[in-house]
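As structure tokens, the structure follows; a few thoughts come after it.
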Amino acid sequence: MTGTEFSISDRTAEGALMARVAELLPDFAAAAAEYDERAEIAVGHLEALHAAGADRAALPERVGGGGLGYRAFGELVRMLAKADPSIATIWTMHVGAGVALAELTADTLGPFFAAEFLAGRRFANALSEPASGNRFLNPQQEAHAVEGGWTLKGAKRFVSGAEIADYLLVNALVDGVPTFFGVVPDDSVIVVPIWDTLGLRATRSQLLDFDDTVLRTEFRGRAPGPGDFAVIPAGLPAISLGIADAALDALVAHARSRVILGKPLTHQQWVQHEVADVQTKLAAAHALYERGLTQADAGLPASFPTLVRAKYLANKVAVEVAQLGVRVGGASGYLKRSPIQRHLRDAEAGQLMAYSTEVLAGEIGREVLGVQPE
């Protein structure tokens with residue numbers, strides 16, 4: 001099957017893709033703890049995903065890809081996140097940047113970026129600024145006009161997979177307007193080696209310093225708009241849901257194997273009650289997310305606010321499930337070798353991804369209360 005044969009309406013091809021990715025997941029999961037411990041990007045796993053056709057499938061048909069639908073894309077990210085959330089995060093950001101550059105520059109260099117994406121080149125989002133207040137689509141840094149384009153001096157943070165990226169999606173203010181560019185990293189783009197986080201360590205989401213980096217006119221894109229494949233809003237809830245799924249599985253496995261006073265932990269009423277609470281919340285988060293993806297596949301404007309709520313709920317539920325895992329795991333769950341503690345660290349990271357739960361709560365609350373933006 002070639003990429004041109006894949007279609008959103010071809011469920012057989014979609015199922016075949018999922019099956020190929022599923023075959024990779026046991027190896028991803030088995031190595032996740034080691035890559036996390038070393039804070040190392042699993043480059044070979046990303047290459048395996050590309051070889052399985054995941055990149056080609058995620059690229060929209062209108063720019064030369066397979067045209068994977070939102071529901072299938074969301075399920076793919078969730079599967080990856082359950083096995084290794086760092087891989088899921090890097091891949092989501094890679095797809096987000098690659099698809100955006102292919103779509104936003106469709107009238108100019110879009111075919112070039114699409115071809116590079118299909119050829120296996122690596123893409124990364126360099127949008128979030130230290131002073132942007134978590135709103136990565138609203139840059140505060142001004143680009144200054146020079147011959148052949150503009151220059152950017154400033155920093156972009158949490159650039160997942162920055163060290164292996166061939167191309168960056170960068171934004172800056174041009175004449176006061178948020179503007180998007182493709183950038184080929186050169187000596188003016190400096191990786192600041194400060195990555196030492198608690199969770200999602202294997203994403204190596206570094207801080208990048210742009211030292212008068214040229215934003216070339218021919219690499220300039222239009223603003224994102226309706227009809228573009230919304231990779232990041234569709235992918236972020238799935239990362240937290242995958243982490244929550246893995247945390248619940250680890251909790252259940254521990255409760256079944258750990259014997260207290262002659263019976264497994266599963267027989268203790270407090271464990272049953274707490275598990276009932278988090279599992280029900282997790283099921284609700286999955287259902288809300290599925291609703292948002294279904295709306296997105298139907299082209300409904302309601303999809304974006306639904307996905308916003310899905311991220312908010314998924315972030316919070318993932319932390320609840322992981323925290324319960326630590327409580328049920330007890331001292332053994334607190335050990336570094338236990339997957340339970342890693343799930344908690346990764347779950348906390350989801351709440352910090354833009355938009356953070358605090359920012360989302362403000363957005364949702366103002367909408368519900370009818371408060372107009374200031």
Exercise for review: For Arg201 and Tyr35, indicate whether the former's side chain and the latter's backbone hold a donor-acceptor pair under 3.5 Å.
Suggested key: no
Exercise for review: Would you confirm whether Glu34, through its side chain, and Ala31, through its main-chain N or O, come within 3.5 Å as a donor-acceptor pair?
Suggested key: no
**Study point:** Nearest heavy atoms of Gln206 and Val192, plus distance in Å
**Key:** OE1-O, 3.3 Å
Practice item. Supply the atom-to-atom distance Arg342 CZ to Arg337 CZ, rounded to the nearest 0.5 angstrom. Key: 14.5 Å
Point to revise | Hydrophobic cluster identity match, Val321 and Val252, side-chain contacts under 4.5 Å | key: yes
Check your understanding: Minimum heavy-atom separation for Ala114 to Leu59, with atom names?
Key -> CB-CD2, 4.0 Å
**Study point:** Inter-residue atom distance Leu241.CG - Glu75.CD, 0.5 Å rounding
**Key:** 10.0 Å
Point to revise | Salt-bridge contact Lys156-Glu129 (side-chain N to carboxylate O under 4.0 Å) | key: yes
Check your understanding: Hey, is the main chain of Gly199 close enough, under 3.5 Å, to the side chain of Glu348 for a donor-acceptor pair?
Key -> no
**Study point:** From Thr213, Asp209, Asp211, residue fulfilling side chain to side chain donor-acceptor pair (under 3.5 Å) relative to Lys153
**Key:** Asp211
Check your understanding: Should the heavy atoms of other residues, nucleotides or ligands under 6.0 Å from CG of Asp212 be counted, would the total exceed 12?
Key -> yes
Practice item. Could you check Thr203 against Met93 for side chain to side chain contact (heavy atoms under 4.5 Å, CB included), going step by step and ending with a plain yes or no? Key: CA-CA 10 Å; Thr203 64; Met93 298 303 170; over 6 Å; no
Point to revise | Any side-chain heavy-atom pair of Val308 and Pro233 under 4.5 Å | key: no
Check your understanding: Same cluster for Phe181 and Phe113 if Ile/Leu/Val/Met/Phe/Trp/Tyr side chains link at under 4.5 Å?
Key -> no
Exercise for review: Kindly indicate whether the side chain of Gln268, heavy atoms from C-beta on, has any atom under 4.5 Å from the side chain of Ile260.
Suggested key: yes
Review point. Is any side-chain heavy atom of Leu207 less than 4.5 Å from a side-chain heavy atom of Arg157?
Key: yes
Practice item. Calculate, to the nearest 0.5 Å, the distance between atoms CG and CG belonging to Asn125 and Leu169 respectively. Key: 5.0 Å
Point to revise | Heavy atoms from other residues, nucleotides or ligands near CZ of Arg222 exceed 12 (cutoff 6.0 Å) | key: yes
Review point. For the residue pair Thr266 and Gln272, what are the closest heavy atoms and their distance?
Key: O-NE2, 3.0 Å
Check your understanding: Distance-only, no hydrogens or angles: does the Asp297 side chain make a donor-acceptor pair with backbone N or O of Arg71 under 3.5 Å?
Key -> yes
Check your understanding: How about His286 and Asp245: do any of their side-chain heavy atoms sit closer than 4.5 Å?
Key -> yes
Exercise for review: Evaluate whether atom CG of Asp175 has more than 12 neighbouring non-hydrogen atoms of other residues, nucleotides or ligands under 6.0 angstrom away.
Suggested key: no
Point to revise | Transitive ILVMFWY side-chain link Ile239 to Leu80, under 4.5 Å | key: yes
Study note, to complete from the structure: Separation between CG (Asp27) and NE2 (His45), nearest 0.5 Å, reads 6.0 Å
Exercise for review: For residues Ala57 and Leu17, report the shortest heavy-atom separation together with the two atoms involved.
Suggested key: CB-CD2, 3.5 Å
Check your understanding: Are the side chain of Arg309 and the backbone N or O of Pro305 linked by a donor-acceptor pair below 3.5 Å?
Key -> yes
Check your understanding: Only one of Gln295, Glu290, Lys311 forms a side chain to side chain donor-acceptor pair (under 3.5 Å) with Thr306, so which one is it?
Key -> Gln295
Revision key, fill the gap. In this structure, CZ of Phe73 is separated from CZ of Arg78 (nearest 0.5 Å) by 13.5 Å
Practice item. Using atom types as modelled and distance alone, determine if a side-chain donor or acceptor of Ser356 lies under 3.5 Å from a backbone N or O of Met353. Key: no
Revision key, fill the gap. Nearest heavy-atom contact between Pro111 and Ala106 is CD-O, 3.8 Å
Check your understanding: Does one side chain, of Asn315 or Ser240, offer a donor that lies under 3.5 Å from an acceptor on the other?
Key -> yes
Review point. Donor-acceptor pair, Asp228 side chain versus Gly225 backbone, under 3.5 Å?
Key: yes
Practice item. Evaluate the side-chain proximity of Trp91 to Leu76: yes if any heavy-atom separation is below 4.5 Å, no if none is. Key: yes
Check your understanding: Between the side chains of Gln341 and Arg345, is a donor N or O closer than 3.5 angstrom to an acceptor N or O?
Key -> yes
Check your understanding: Does a donor on one side chain and an acceptor on the other come within less than 3.5 Å for Tyr355 and Glu363?
Key -> no
Check your understanding: Between Ile190 and Val183, is there a shared hydrophobic cluster once you connect ILVMFWY residues whose side-chain heavy atoms come closer than 4.5 Å?
Key -> no
**Study point:** Min side-chain heavy-atom separation Pro139-Asn171 under 4.5 Å
**Key:** yes
Exercise for review: Starting from the C-alpha separation in whole Å, work towards a yes-or-no answer on side chain to side chain contact (heavy atoms under 4.5 Å, CB included) for Asp166 and Glu116.
Suggested key: CA-CA 9 Å; Asp166 300 296; Glu116 290 290 273; over 6 Å; no
Review point. Is there a donor-acceptor pair under 3.5 Å between the side chain of Glu14 and the backbone N or O of Leu68?
Key: no
Practice item. Taking the side chain as every heavy atom from C-beta outward, state whether Leu118 and Asp55 have any pair of such atoms under 4.5 Å apart. Key: no
Point to revise | Sidechain-backbone polar pair: His94 side chain, Phe123 backbone, donor-acceptor under 3.5 Å | key: yes
Check your understanding: Any link between Val43 and Leu168 through a network of hydrophobic side chains (Ile, Leu, Val, Met, Phe, Trp, Tyr) touching at under 4.5 Å?
Key -> no
Review point. Is there a side chain to side chain contact (heavy atoms under 4.5 Å, CB included) between Leu324 and Arg327 once you walk through the steps?
Key: CA-CA 5 Å; Leu324 178 59; Arg327 288 172 56 202; 3.9 Å; yes
Study note, to complete from the structure: In terms of heavy-atom contacts, Ile243 and His343 come closest through CG2-O, 3.6 Å
Check your understanding: Any sub-3.5 Å donor-acceptor pair from Gln140's side-chain atoms to Asn138's backbone N or O?
Key -> yes
Point to revise | CZ-CG distance between Arg220 and Leu109, expressed to the nearest 0.5 angstrom | key: 14.0 Å
Practice item. Flag this pair as yes if the NZ/CZ of Arg291 is under 6.0 angstrom from the six-membered ring centre of Tyr289 and inside a 45 degree cone about the axis; otherwise no. Key: no
Exercise for review: Before giving the answer on side chain to side chain contact (heavy atoms under 4.5 Å, CB included), spell out for Phe210 and Val170 the whole-Å C-alpha distance, their side-chain angles and the decisive distance to 0.1 Å.
Suggested key: CA-CA 10 Å; Phe210 291 79; Val170 178; 4.0 Å; yes
Exercise for review: State, with a plain yes or no, whether a side-chain heavy atom of Glu218 is found less than 4.5 Å away from one of Phe112.
Suggested key: no
